[in-house]
Amino acid sequence: MLDISFYTTNGSQSETVDVGETLYEWLAQSDFSKIGGASIETEIYLDEENVILPLVELNQDIRSSVQENVQRSNHQ
């Protein structure tokens, strides 16, 4: 099992998704695995403290595609 955490750029609470085998296979074959840019060391407020994490910004198309597939996976 794999967990993926999504963080917003506006400081809202993060969302963590437990990724099942079906969704993991889809991610490996989708544009999500080709997000392109390098990670950027970014300071965020997480669990009541500031932390610096290497984050990669996802474009809208990839975000929408991931959301659709996570929702589909949760209903199976």
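Remark: E49 pairs with V51 by the side chain to side chain contact (heavy atoms under 4.5 Å, CB included) rule, at least two apart or across chains. Residues forming a side-chain hydrogen bond (donor to acceptor under 3.5 Å, both in side chains) with T42 (at least two apart in sequence, or on another chain): none. Listed by chain and number, the residues in a side chain to side chain contact (heavy atoms under 4.5 Å, CB included) with E48 are Y45 (sequence neighbours excluded).
A distance of 4.5 Å separates CG of N50 from CD of E43, quoted to the nearest 0.5 Å.
Between L55 and I44 there is a side-chain heavy-atom pair separated by less than 4.5 Å.
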